[in-house]
Every structure is written in C-alpha cells, then in structure tokens.
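Read the structure below first, then the notes.
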There are 4 protein chains.
Amino acid sequence: MGTTARGRIDKRAAILDAAYTVFAREGYAQAGVDVIAAEAGVAKATVYNHFGDKETLLRAAFEAVAADALARNMAAVERLAGPGDLRTILEEVGYDLIRCYCDAKSWALRRMLAAEVGQFPDLLDIVQGRVADRVMESLADRLARLALAGRLRATDPLLAAEHLSGLLTGSLDRRGRYGTRDIPEDELYDVARAAVDTFLQAFGAE
Amino acid sequence: MGTTARGRIDKRAAILDAAYTVFAREGYAQAGVDVIAAEAGVAKATVYNHFGDKETLLRAAFEAVAADALARNMAAVERLAGPGDLRTILEEVGYDLIRCYCDAKSWALRRMLAAEVGQFPDLLDIVQGRVADRVMESLADRLARLALAGRLRATDPLLAAEHLSGLLTGSLDRRGRYGTRDIPEDELYDVARAAVDTFLQAFGAE
Amino acid sequence: MGTTARGRIDKRAAILDAAYTVFAREGYAQAGVDVIAAEAGVAKATVYNHFGDKETLLRAAFEAVAADALARNMAAVERLAGPGDLRTILEEVGYDLIRCYCDAKSWALRRMLAAEVGQFPDLLDIVQGRVADRVMESLADRLARLALAGRLRATDPLLAAEHLSGLLTGSLDRRGRYGTRDIPEDELYDVARAAVDTFLQAFGAE
Amino acid sequence: MGTTARGRIDKRAAILDAAYTVFAREGYAQAGVDVIAAEAGVAKATVYNHFGDKETLLRAAFEAVAADALARNMAAVERLAGPGDLRTILEEVGYDLIRCYCDAKSWALRRMLAAEVGQFPDLLDIVQGRVADRVMESLADRLARLALAGRLRATDPLLAAEHLSGLLTGSLDRRGRYGTRDIPEDELYDVARAAVDTFLQAFGAE
DNA sequence: GATGAATGAGCCTTCATTCAT
DNA sequence: CATGAATGAAGGCTCATTCAT
C-alpha cells in the first residue's frame with residue numbers, strides 16, 4: 001500500500017523528469033510520447049493515465065521547472081540585502097543570476113517557451129508571470145532598499161532592475177549559442193563584472 | 001518570354017514568403033508543407049521542386065529573412081556616424097534598433113531559432129554569424145569612432161556595444177511577450193530613451 | 001486470457017495472408033499497405049506494429065509461403081521410397097510435384113521472386129536455399145536409393161533429379177501462362193506421364 | 001532535315017534502350033520516367049511525346065527485346081538442319097539456346113514478364129506468342145525432320161522439343177539465380193552436354 | 001518536336017490517443 | 001492503475017502526367 005502510493009508518486013515524477021528531458025532535447029512537437037514513456041521506464045498508456053494528454057504533460061513539466069527556476073533566482077536576488085562591499089555583492093549576485101540563466105534547464109525552458117508560445121500562450125503566464133516578473137520585482141525591491149540606504153542613486157528601481165538584468169544577460173544568447181554551447185565559468189564571471197561595472201557607473205551613488 | 005522566368009521567380013518568392021509565415025505561425029514541426037503550398041498558391045510538389053525538402057525550405061526562409069534583418073539593422077547603426085546632439089542620435093538609433101527587434105519577422109526569427117537550434121544548429125550561423133555578430137561589430141565600430149572623437153568615454157567598444165544592446169533589448173522579451181503582444185510606439189520610445197540615458201551615464205564623455 | 005494472444009496471433013496471420021494475396025495480385029511495388037490492411041481487416045498502423053515496414057512484411061510473407069511449399073514438395077518426394085511399380089510411383093510423385101508447382105501460391109511465389117530478386121536478393125535464399133535446393137537434394141537422395149536398388153540406371157543422382165524436374169516442369173510456364181491460366185488436371189497428368197516416360201527411357205534400369 | 005529525322009529516330013531508340021535498361025534494373029513499377037529520360041539523355045516530356053505513357057513504353061521496349069530474342073533463338077534452332085554428328089550438333093544448338101536463355105536481356109525479359117503478367121496480360125502474347133511458342137514449334141519441326149531421316153526415334157516432335165528444352169533450361173533458374181549470377185561458360189556447356197546426353201538416351205534412334 | 005516547370009493523386013510511415021485485460 | 005495492442009488521422013515525399021514556351 002504505502003509501497004504502491006510511493007510507486008505511483010515515483011512514476012509520476014519519473015514521467016515529469018523524462019518529459020522535460022525529452023521535450024528539451026527534441027522539442028515539443030518532435031518529442032514522442034513513446035520516447036518519454038521509455039525514458040521514464042513506464043508504458044505509454046501510463047503517461048496518459050497520469051496526465052491525460054501531451055499538452056497537459058508539457059504544462060506540468062513547465063510548471064515543475066519554472067518553480068525550480070523561481071526558487072533559484074529568488075535565492076540569488078535575496079543575497080542583495082546583506083552588508084559588505086556593494087560592488088562585490090552585486091558581482092556575486094549577478095554571477096549567480098547569470099548561472100541561473102545559463103542552466104541547461106533554463107535554456108530549455110526559454111527555448112521551449114519561444115517555440116510554443118504561439119500554440120500555448122498560457123505557458124507565458126507560467127514562465128513570465130510566475131518567474132521572470134517576480135524575480136524582476138524582487139530585484140527592484142532590493143535595489144530600492146539600496147537606494148534608500150544611499151548606496152545607489154535614487155531612480156526608478158524597476159528600471160534599474162531591468163537595466164541590470166539587461167546588462168547581465170544581454171550577451172548570453174550570443175555567447176551561449178542559445179544553450180548549445182557551455183560558457184566557461186570565468187567568462188561568465190567576466191560578464192558579471194563588466195555588467196556590474198557599467199551598472200555602478202550609471203547607478204552608483206553620487 | 002520574361003513571363004516564364006518571372007513566373008518561376010515569383011513562385012519561389014511566394015513559397016519563401018508563405019513558408020516563413022506558416023513556420024512562424026505554427027512552428028517548424030507543426031507546419032504542414034501542404035499548408036505552405038496552399039498559402040503560396042502552388043501545388044505541394046512545386047515546393048519540393050524548388051527546395052527539395054522541408055528542412056532546406058526552412059533554411060532558405062531563414063536566410064531570406066536574416067538578410068532582410070541584417071540590412072535593416074545595418075541601416076540603423078550606420079546613422080550613428082552623423083553630426084548632431086549625441087543623445088538625440090543615440091535615442092533615434094536605439095529606437096530604430098528596437099523597432100527592428102520588435103518587427104514581427106524578427107520575433108519569429110528568434111523564436112524559430114530558439115525552437116530549432118537543437119535540431120538544426122546551423123541556423124545559428126545564419127542568424128548569429130550573418131546578422132547579430134555583424135550588427136554588433138558595426139555598432140562597436142561606430143562607438144569606437146565616437147570615443148575617438150571624444151564624444152564617449154574610451155573603453156572596449158565591443159563591450160560598450162553589448163551593453164547598449166542589452167540596455168535596449170533587455171526588457172523587450174517581457175514587454176512584448178515573446179512577440180505575441182504589440183508594444184506601443186511610445187513605450188518603445190521610452191525604452192530607448194531610458195536605455196540611452198543609462199548608457200550615457202555609464203559611457204558618456206567626462 | 002488466451003483470447004488476447006489468440007487475437008494477436010490471428011491478426012498476424014491475417015495480415016500475412018492478406019499481404020501475400022495482395023502482393024501476388026498487384027505486385028510488391030504496386031501493392032498498398034492500406035489495401036493489405038483492409039484485406040486483413042485491421043488498421044494500417046497495426047500492420048506496422050507487427051512488421052515494421054513493407055519490406056519486412058514481404059519477407060515474412062515469403063517465408064510463410066516458402067515453408068508451406070517446402071512441406072508440400074517434401075511430402076510428395078518422400079513417397080518415392082515406397083514399393084510398387086516404379087513407373088506408377090514416379091508418375092504419381094511427378095504429378096504431385098507438378099501440382100505443387102502449379103499451385104496458385106507457388107506461381108505467385110516464383111513470379112514475385114523473379115520480380116523482386118533485383119531489389120531484394122535475399123528472397124532468393126528463402127525460396128531457393130530453403131525450398132528448391134532442399135527438394136532437389138531430397139529427390140536426388142531418393143533416386144540414388146532407387147539406383148542402388150537396381151531400379152534405375154546408376155548415374156549422378158543430382159543430375160537425374162534435375163532432369164526429371166526439368167522434364168516435369170519445363171513446359172508448365174508456357175502451358176500455365178505464368179500462372180494466369182489454370183491447367184486442367186488431365187493435362188497435368190499427361191505432362192507427368194510424358195515426363196516420366198522420357199525419364200525412364202533415359203534413366204530406366206537395363 | 002535529314003539530320004532532324006535522324007535525331008528523332010536516334011532519340012526514340014535511345015529512349016527504348018534506356019527504358020529497357022532501367023526497367024530491367026529497377027523493375028517496371030520502381031522505374032521512374034525521369035530516370036529513363038536521364039539515361040536516354042532527353043527531357044522527361046520527350047519520352048511522353050514519343051510513347052504517350054509509361055505502359056506503352058514498357059510494351060515497346062518489350063517488343064524490341066522480344067524481336068531480338070526471337071531472332072537469336074531462331075538462328076540457333078536453324079542450325080539443327082545441317083549434316084554432321086547428331087550429338088555434336090545437338091550440343092552446339094543446346095549450348096546456343098542456353099546462351100540465349102542466359103543473356104542478360106533475356107533474364108530481364110522473363111523477370112519483367114513474371115512481374116507484370118498480372119497487370120499486363122498482353123505482355124505474355126508478345127513474349128510467348130511471338131517468341132517462345134515459335135521457337136518451340138521451330139525446334140519441333142527440326143526434330144521431326146531428324147526423326148524422318150531416321151536419326152531420332154519417331155515420336156511426337158512437339159513433346160520431344162519440350163523435353164529437350166526442359167532438360168536444357170530446367171536447372172538454369174537455380175544456377176543463374178534468376179539472372180543475378182553469371183554462370184561460367186564451361187558450366188553452361190556441361191549443362192548442355194548433360195541435357196543432350198539424356199535426350200539422346202531417351203530419343204536417340206534405336 | 002523538345003523542354004522546364006507545375007501538378008494532383010497516392011503511398012509509406014508516424015504518432016497521439018484509446019481500449020481491453 | 002499499469003500495460004500491450006490497436007487505431008485513425010495526418011504528414012513528408014514521389015511520380016506519372018500535362019502545359020506553356
């Protein structure tokens with residue numbers, strides 16, 4: 001009994017994992033439900049028992065990954081509160097955010113979103129509404145507190161957040177070739193440092 | 001006489017147009033060649049006579065759109081040379097670049113690239129190698145000349161170009177919902193102005 | 001319980017049967033898998049579930065018919081062992097072999113083999129290696145025993161078998177118009193009798 | 001003018017040749033008219049200008065090859081009239097007939113006939129009516145004359161012809177693997193000698 | 001009469017989905 | 001609930017044939 005319930009949950013998780021892996025690897029349309037089932041180690045019909053149809057499976061997989069991405073981005077942003085040298089902190093947070101952006105699952109999330117936004121516009125709500133917007137708001141909050149504390153120039157904090165974000169990620173699609181190339185760690189750090197440098201030039205106190 | 005050749009060329013162009021439209025609307029995998037043929041007003045076999053297979057058709061459509069995008073981006077960047085108030089010029093150029101970025105075909109180009117880069121890595125060479133990189137280099141060239149002329153702070157021009165670009169486009173995916181929402185013109189202008197403002201704060205002379 | 005397995009086996013057999021019928025009637029290339037599926041009373045995809053592709057289906061159908069033909073030819077040849085008047089026995093065996101040769105499925109087998117040997121050379125191994133050669137060897141064996149028993153002239157038994165076979169079947173392609181005409185039973189018997197007559201004239205003891 | 005007519009005839013012959021080559025190589029159904037046209041060095045439409053459709057082209061090619069085969073078989077049979085040692089003559093004629101049978105074009109003719117007799121029964125009339133039957137009748141004629149001359153036992157000459165033919169060709173399908181293997185010359189000669197030996201044993205005078 | 005381009009029908013194969021066990 | 005088998009609706013591609021030059 002407990003075993004069964006466990007088995008059931010395990011299977012569900014295995015399917016979700018397999019689905020995301022296969023969707024990310026082959027794209028939603030090209031991904032076969034047989035392949036997902038095989039990768040999850042279950043029968044094809046079991047996938048349907050759990051998720052009803054392929055579209056629902058996509059959404060479920062999206063939600064799982066989006067939740068994970070949200071948590072990791074939030075954790076990065078929240079470190080902006082602490083004391084210490086502002087440039088150093090910003091560089092660390094920036095680097096962490098870049099790392100989140102360049103995570104394989106994040107690349108896949110954005111690629112799949114771009115691919116399917118036309119067919120499934122509600123995926124945007126999952127990714128943007130539940131993740132990107134919240135992260136951006138949170139970042140703006142922290143920057144606002146820094147401005148209040150006199151450590152940054154006082155401006156529209158949302159704009160500052162957008163610009164920091166743009167400086168950090170603006171070159172990553174090109175550098176990472178849309179997720180098909182792994183950017184070396186030190187290159188990532190250079191990107192973060194340069195972005196923070198420009199950001200502080202523009203938004204630094206005084 | 002010329003009619004035949006014209007007719008042939010017209011059909012080829014019509015197919016390319018239709019292909020891009022349908023690919024952009026439905027995604028590469030979901031797009032049916034029959035639909036493309038119907039939209040182009042030709043028989044399905046004619047599509048195959050011209051392009052051999054669906055994949056080649058995708059590449060050809062990509063190349064056509066990429067060439068167009070290149071031309072329009074280049075035209076925008078080249079205006080950076082002229083005389084006049086630097087902020088004003090930058091705002092205009094920035095606005096034009098944003099307009100290029102937000103063109104329906106450009107959205108589609110990036111979405112399709114993201115969607116299919118896993119299956120067709122060479123699309124990256126078309127879009128990035130032939131367009132994005134060149135535009136960025138060209139932008140860096142112009143910024144370098146402005147720095148030489150003492151109108152900008154002297155720094156790595158490629159970095160400056162990347163940062164300007166990041167500031168301009170960093171928020172557009174979110175604002176434009178990956179191309180599914182039309183951003184009003186004045187919002188675009190605000191974005192350009194804010195980006196240029198931050199850019200000049202960071203890279204302005206003095 | 002058994003019903004499912006039965007059903008599966010039934011379907012497989014039905015598909016094989018239908019495939020052979022349709023292949024024989026229309027030729028491999030012209031035969032549509034939909035037609036085969038319809039004739040078998042299953043969905044087209046079921047054919048592919050069982051056999052993977054059309055080529056494999058052809059081979060499977062060949063093998064089934066070849067196995068059947070082998071059994072029937074062997075049964076005929078094995079009767080050559082018994083006692084009794086040699087001429088009578090030879091005539092009966094000869095007649096049976098001719099009947100095997102003129103069976104509708106045998107005509108089709110040879111026709112399809114001839115038709116497709118260029119594209120699928122391994123069909124030859126199925127038909128010739130597993131059937132024709134074995135029957136010929138078996139026939140040679142029996143003739144050898146008859147020679148040993150002094151009932152036939154002692155010669156190369158394989159040659160004798162080939163010649164008996166040639167005498168029996170040499171005129172059948174013409175008479176049966178490659179399987180498109182049914183040869184009357186008594187004509188078949190005449191052919192057998194004449195062949196045996198010539199055979200005994202050449203290979204009879206004394 | 002003369003040049004044009006010549007060119008026209010040349011093209012027609014080239015198409016017929018190419019058609020037979022391609023039909024023989026790939027089979028009627030698999031053979032593409034484009035391929036035939038390419039092999040003939042003309043445009044596809046030219047093939048249609050000359051022959052109307054693929055079926056007619058097949059018939060025309062058949063007729064050309066059948067006429068050639070008839071001529072060569074007849075030439076072989078006619079040598080049966082001459083003086084000289086009967087066994088020697090029979091062996092030579094038998095060998096020649098076997099050579100005709102094993103000619104690449106003859107294999108192809110029979111293979112294609114077998115393949116398409118179901119769809120185009122009239123091909124049988126071309127091959128059998130115009131060639132096989134006539135050759136057999138002609139052979140029977142010669143054997144009858146030999147019997148009249150006391151050099152062969154007097155029997156039904158048509159039967160004798162059929163049996164000689166069966167002895168000669170009975171093993172060739174197997175030996176030549178339906179035309180996919182070249183039988184060495186000396187093996188062919190052995191076959192002829194053995195067939196004639198058995199034939200004379202059965203039908204020799206006295 | 002010869003050609004290049006266009007066509008429409010058809011065919012093999014795949015795949016999301018359902019059903020019976 | 002998990003599974004193996006079955007299905008129907010497409011979809012990419014080919015090819016015999018026709019048309020305009």
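Proteins come first, then strands; the chains are lettered A, B, ... in the order of their sequence lines, and each starts at number 1.
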* Asked: Has the side chain of D:K54 got a donor or acceptor atom sitting under 3.5 Å from an opposite partner on the base of F:dT17?
  -> no
* Side chain of D:Y48 only, please: which of F:dA16, F:dT7, E:dA16 is the nearest? => F:dA16
* Asked: What integer distance in Å separates A:D53:CG from E:dC15:P?
  -> 17 Å
* According to the Watson-Crick and G-U wobble definitions, with both distances under 3.5 Å, which nucleotide is paired to F:dT3? -> E:dA20
* Structure fact -> Between B:A43 and C:E55, the residue closer to the 5' end of DNA chain E by nearest nucleotide is B:A43
* In terms of side-chain geometry, is the basic nitrogen of D:D53 or D:R59 positioned less than 4.0 Å from the acidic oxygen of its partner? -> no
* Asked: Does a side-chain N-to-carboxylate-O contact under 4.0 Å join D:E39 and D:R25?
  -> yes
* Look at D:R177 together with C:D125 and state whether they make a salt bridge at an N to O cut-off of under 4.0 Å. => yes
* Side chain of A:N49 (C-beta onward), nearest among E:dT7, E:dA16, F:dA2 -> F:dA2
* Asked: Expressed in angstrom and rounded to an integer, what is the separation of C:F51 atom CZ from F:dA5 atom P?
  -> 13 Å
* Asked: Which of the following nucleotides, E:dA16, F:dA16, E:dA6, is nearest to the side chain of A:D34?
  -> E:dA16
* **Distance flag, aromatic centroids of A:F62 and A:F120, threshold under 6.0 Å** => no
* Asked: What about A:K44: does its side chain form a donor-acceptor pair under 3.5 Å with the base of F:dT3?
  -> no
* NA contact type, B:A31, heavy-atom cut-off 4.0 Å: base, sugar-phosphate, or nothing? -> sugar-phosphate
* Residue met sooner reading DNA chain E from 5', once B:T46 and C:G32 are mapped to nucleotides -> B:T46
* OP1, OP2 of E:dA6 versus side-chain N and O of B:H50: anything below 4.0 Å? -> yes
